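Have a look at the structure below, then the notes.
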Amino acid sequence: MDYKFSEIEKKWQKYWDDNQTFKAGTDLSKPKFYGLVEFPYPSGHGLHVGHPRSYTALDIVSRKKRMQGYNVLYPMGWDAFGLPTENFAIKNKVHPKDVTEQNIANFKRQLKSIGFSFDWSKEVNTTDPNYFKWTQWIFLKLFEKGLAYKQEMPVNWCTSCKCGLANEEVVNGVCERCGGEVVQKLKSQWMLKITEYAQRLIDDLDDIDFIEKVKIQQKNWIGRSEGAEIDFALTTGESLTVYTTRADTLFGATYMVISPEHPIIEKYKDKIENLDEIKAYQLEASKKSDFERVELAKDKTGVEIKGIRAINPVNDKEIPIWISDYVLMTYGTGAIMAVPAHDTRDFEFAKKFNLPIIQVVAGDNCDLEKEAFTNVSEGVLMNSGFLDGLQVKDAIAKMIEFLSEKGVGKKKVNYKLRDWVFSRQRYWGEPIPLVYCEHCGYVPIPESELPLTLPDVENYEPTDDGQSPLAKMTDWVNTTCPKCGAKAKRETDTMPQWAGSSWYFLRYIDPDNSDAIASKELIDYWMPVDWYNGGMEHTTLHLLYSRFWHKFLYDIGVVNTKEPYAKRTSHGMILGANGEKMSKSRGNVVNPDEIVENYGADTFRTYEMFIGAFDLATPWSEQGVKGCHKFMERVWGLLDFVKQDDNYSSDLESLMHKTIKKVSDDIEKMKFNTAIAALMSLINDFYKKKEITKGELKTFLQLLNPTAPHITEEMWEIMGFEKTIAETPWPEFDESKTVDAEIEIVVQINGKIKDKITVPQGTSKDELEKIGAENEKIKALTEGKQIVKVIAVPNKLVNVVVK
RNA sequence: GCGGAUGUGGCGGAAUUGGCAGACGCGCUAGACUUAGGAUCUAGUGAUUUUAUCGUGGGGGUUCAAGUCCCUUCAUCCGCACCA
């Protein structure tokens, strides 16, 4: 009988659909498992072979959990707002809604063809008004609690298109579309105070099971540092505050540097003697993003501000103030005290502009001719008056104490994390549900008016002055103030794509609820997400944003858990066959449809899991796909030599138990490749014997079912086993039968293998030492040499050390 | 630049976390079957000067024992806040 994968797969996909096999149960007394994968952005390119890597992995876990008796929720949806759809709409004069609809239909068809056990009754779509009603509702709550505010922020501004650009649309400093020059322009933007949650976002990582590198990356991104704010008096009579983590080096501060955007320039413009030069420098700096400014840090630029000087509070010395773009307005206070002897960037700057370098920390390996001395752990203070002789750590504390007493400094915790720029001047996003009234300021629209839907516009391009295309819809924009009834205007900015994805896991729980995000009872049952898998590239933005929103929802009593995700894992990228990232321009893109069509979904799923270590990047290989297809053929071929015996055959009994154990453990540890290898190895044994008992086949099919669900269902049916395989319990193993009675032990001399012996399981250390020393081969080889010692490790080896 | 990772046969990768390096798969070689083979089956397959020696990006170290731990160095990949 041929393996007709196409027929088999269609048959079972229809069966699952018709029977709603994978619909989450309503029995809330059962133990639950909520598996989550990042929902895709339905792009026009269709599904990428990278998507199914994550989806198959948690599909396997979810299918196994169902077999283990859990009530499983494994949902899928669409993160459908976004720039590419909008750009496509602009170019082709179609409504983004229509583009989105088509793309979703295509994605859904593709996902179904791979046989994922998603509960499609829970499907969500971030662009559906019934969905974004609640995105807007959350925004209003944030606004109500003072966590949304407006601030002037730099945006990428194309001087020729006259519109704001996403970072991605800026290529080598010019506009991707028209090649025009891009500068940083200040624009008033809605911001969310994620920084208010910074400490909790760090602290609560301790209580959740995220892979370590995700925790580390999040912590570094939040970037907590303990330091001090110090006020430097200015010759204008007022003062300038800096942030530093090295208050101990204050005696070595020989100049100050402020960011080009620092407000004191505007404030003291009358006193600045070289204002033209400063203005010119500011303009240059506006052409660079923060990233470029810091990246190009090796070639420092800057201008001294003439006419104002600062006074070092610790020794009352007058020092110059410079302006330079290596100081960022977005971190600390936008101003620093420069200590060239002990900070690499300050050192480079001082060398370039011949500014004085005063050493205040002594230590070994300190060569100030070459580089700054930044070693904190070894340093001892010098040239620093009352701090001399102290260790850096103690000196910092003493200095802060001194400054506090003088009233010119205090301890300060700082975070690199910046508030979340939440507005976009775009069409294809959730409208921000606020109204601007001249009398009342920004007023939220009443909850009863949610969702605030997008009006139809004629074209989707931003206005000439960079406003959202919504600004042109005067009928929509002009409204009345919900508070005082006067004429008012709607906010025309929309939300970023991140908004809808910051809470989607809650909506899956109860997607049709029109009164709340989801019913309280269901939230209490299903949350938190038990296992969330996604890409490392989402670690610092999406993952942090959604944790922030969830904490906020916890604070206002909507959810019952502090954290949304109990466990987070991550998959590696699938690269093109040439080892490079898959992209249209490189011509190395693999279309999942072709693989499913030519080899079948089961082969595709198996290969995606067998391709390599789950968390590492791996190149695609068509040959590898063929290898997995051959495995499927061999699985199918087992039907040719089934022996009517419900037990395991005696020679394979131990291996069967070991394999159940290995596959079960490996799936939990996401070592899918070795789980499959174990099944391949087992099938080789069946083929060697040209025999498999019914009992062995049953277990084998169950172990393979989560990975290759269609073929295993079909074979299960052909064999006439009870129920469908998905409804059967996961195989059990007997620990005692996984242990071999006899074990092969390696015998070494000085760590080199000389012989192998077989001993009973658990042979003691003493016995092994004896056996090792008396081994014939060893005796012969150690003849005339002195045996220094014998090391024995039970069940592993004996090592004879000789001189 | 900062942060995170990776480096093992011709290729993708295993290695119970310090204890037999190369499981499993691809490719390759030989044989069987066949009118035929880019099908299937069986066997072999790290290198070499093959009783043995060498071998996990390079260099150094710790240890009875290192792919695994430490120091150092090189290369590659991911993220860097308006791509998703």
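Throughout, protein chains are lettered first and strands after them, A, B, ... in sequence-line order, and every chain is numbered starting at 1. The model shown is predicted, which means the values in this text are computed figures rather than measured ones.
- Distance, A/Asn220 CG to B/C2 P: 13 Å, rounded to whole Å.
- Between A/Trp221 atom CH2 and B/A81 atom P there is a gap of 6 Å when expressed in whole angstrom units.
- At the heavy-atom level, A/Leu417 lies under 4.0 Å from base atoms of the strands shown.
- Residue A/Tyr331 contributes atom OH, which lies 17 Å from atom P of B/A81 at whole-angstrom precision.
- Distance A/His571 NE2 to B/C78 P: 14 Å, rounded to the nearest Å.
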Heavy-atom protein contacts under 4.0 Å, nucleotides 46-60 of chain B, coded B base, S sugar-phosphate only, - none: ---------------

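- B/A65 makes up no base pair with any nucleotide shown, lacking Watson-Crick or G-U wobble contacts both under 3.5 Å.
- For the OP1/OP2 pair of B/C82 and a distance below 4.0 Å, the side-chain nitrogens and oxygens of A/Arg424 include at least one atom meeting the criterion.
- When both distances must be under 3.5 Å, the Watson-Crick or G-U wobble mate of B/U29 is B/A43.
- Among the heavy atoms of the strands, none lies under 4.0 Å from A/Val214.
- Electrostatic pairing of A/Lys150 and A/Glu491 counts as a salt bridge here, judged by a charged N lying under 4.0 Å from a carboxylate O.
- A donor-acceptor contact closer than 3.5 angstrom links the side chains of A/Gln425 and A/Gln189.
- At the heavy-atom level, A/Gln425 lies under 4.0 Å from base atoms of the strands shown.
- In this structure, CG of A/Leu165 is placed 14 Å from P of B/A81, rounded to the nearest angstrom.
- The salt bridge (Lys or Arg N to Asp or Glu O under 4.0 Å) check on A/Glu580 picks up A/Arg586, with sequence neighbours excluded.
- Qualifying side-chain hydrogen bond (donor to acceptor under 3.5 Å, both in side chains) partners for A/Thr195, counting only residues two or more places apart in sequence or in other chains: A/Asp419.
- Under the Watson-Crick and G-U wobble criteria, each requiring two contacts below 3.5 Å, nucleotide B/C20 is left unpaired.
- If you take atom C1' in B/G57 and the same atom in B/U50, they sit 28 Å apart, rounded to whole Å.
- Residue A/Leu541 is classed as a base contact, given a heavy-atom separation below 4.0 Å to a base.
- Only the P atoms considered, B/A21 is 12 Å distant from B/U53, to the nearest whole Å.
- Using a distance-only test at 3.5 Å, with no hydrogens or angles considered, a donor-acceptor pair links the side chain of A/Thr494 to the main chain of A/Arg426.
- Pair assignment for B/G9 gives none, since no Watson-Crick or G-U wobble pairing has each distance under 3.5 Å.
- With both ends at atom P, the span from B/C83 to B/A75 equals 30 Å, rounded to whole Å.
- Atom C1' of B/G37 sits at a distance of 26 Å from the matching atom of B/C24, rounded to the whole Å.
- Below 30°, between 30° and 60°, or above 60°: for A/His629 and A/Phe5 the angle between ring planes is above 60°, a perpendicular geometry.
- Syn is the classification of B/G9, since its glycosidic angle stays within 90° of 0.
- Taking atom P in both B/G79 and B/C11, the straight-line distance is 26 Å, to the nearest Å.
- The pairing partner recorded for B/U34 is none, the criterion being a Watson-Crick or G-U wobble arrangement whose two distances lie under 3.5 angstrom.
- Across the protein-nucleic acid pair, A/Phe422 atom CZ and B/A81 atom C1' stand 14 Å apart, rounded to whole Å.
- Annotated as syn: B/U17, whose O4'-C1'-N torsion sits within 90° of 0.
- Residues forming a ring-ring contact (aromatic ring centres under 6.0 Å, His included) with A/Phe604 (at least two apart in sequence, or on another chain): none.
- Between A/Val421 and A/Val801, the residue whose closest nucleotide on RNA chain B is further toward the 5' end is A/Val801.
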Nucleic acid footprint by protein, nucleotides 8-28 of chain B - heavy-atom cut-off 4.0 Å, B for base, S for sugar-phosphate alone: ----BSSS---BBS-BBSSS-

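- Note on A/His542: nothing from the nucleic acid sits closer than 4.0 angstrom, heavy atoms only.
- Rounded to a whole Å, the CG atom of A/Asp79 is 15 Å from the P atom of B/C82.
- When both pairing distances are held under 3.5 Å, B/U49 makes no Watson-Crick or G-U pair with any nucleotide shown.
- Across all strands shown, the partner of B/C77 is B/G4, judged by Watson-Crick or G-U wobble contacts whose two distances both fall under 3.5 Å.
- Ring geometry, A/Trp420 versus A/Phe422: the interplanar angle exceeds 60°, so the pair is classed perpendicular (tilted spans 30 to 60°).
- B/G19 and B/U68 are spaced 11 Å apart, taking the C1' atom of each and rounding to whole Å.
- Other residues, nucleotides and ligands contribute only 12 or fewer heavy atoms inside 6.0 Å of the NZ atom of A/Lys4.
- Checking the phosphate oxygens (OP1, OP2) of B/A5, no side-chain nitrogen or oxygen of A/Lys213 falls inside 4.0 Å.
- Relative to the side chain of A/Lys789, the nucleotides B/C82, B/C64, B/G4 differ in distance, and B/C64 lies closest.
- When the shell of 6.0 Å around CZ of A/Phe88 is examined, it contains 12 or fewer heavy atoms from other residues, nucleotides or ligands.
- For A/Glu633 and B/G38, the CD to P distance is 18 Å, given to the nearest whole Å.
- The gap from the C1' atom of B/G46 to that of B/G55 amounts to 8 Å, rounded to the nearest Å.
- A salt bridge links A/Arg568 with A/Glu38: the closest approach of a Lys/Arg side-chain nitrogen to an acidic carboxylate oxygen falls below 4.0 angstrom.
- The glycosidic torsion of B/U50 lies within 90° of 0, which places this base in the syn conformation.
- At a threshold of 4.0 angstrom between heavy atoms, the contacts of A/Gln189 include nucleobase atoms, whether or not backbone atoms are also involved.
- Between the side chain of A/Glu742 and the backbone N or O of A/Thr758 there is no donor-acceptor pair closer than 3.5 Å.
- Among residues two or more places apart in sequence or in another chain, the salt bridge (Lys or Arg N to Asp or Glu O under 4.0 Å) test is passed with A/Lys187 by none.
- As rounded to the nearest Å, B/G10 and B/U45 have P atoms that lie 16 Å from one another.
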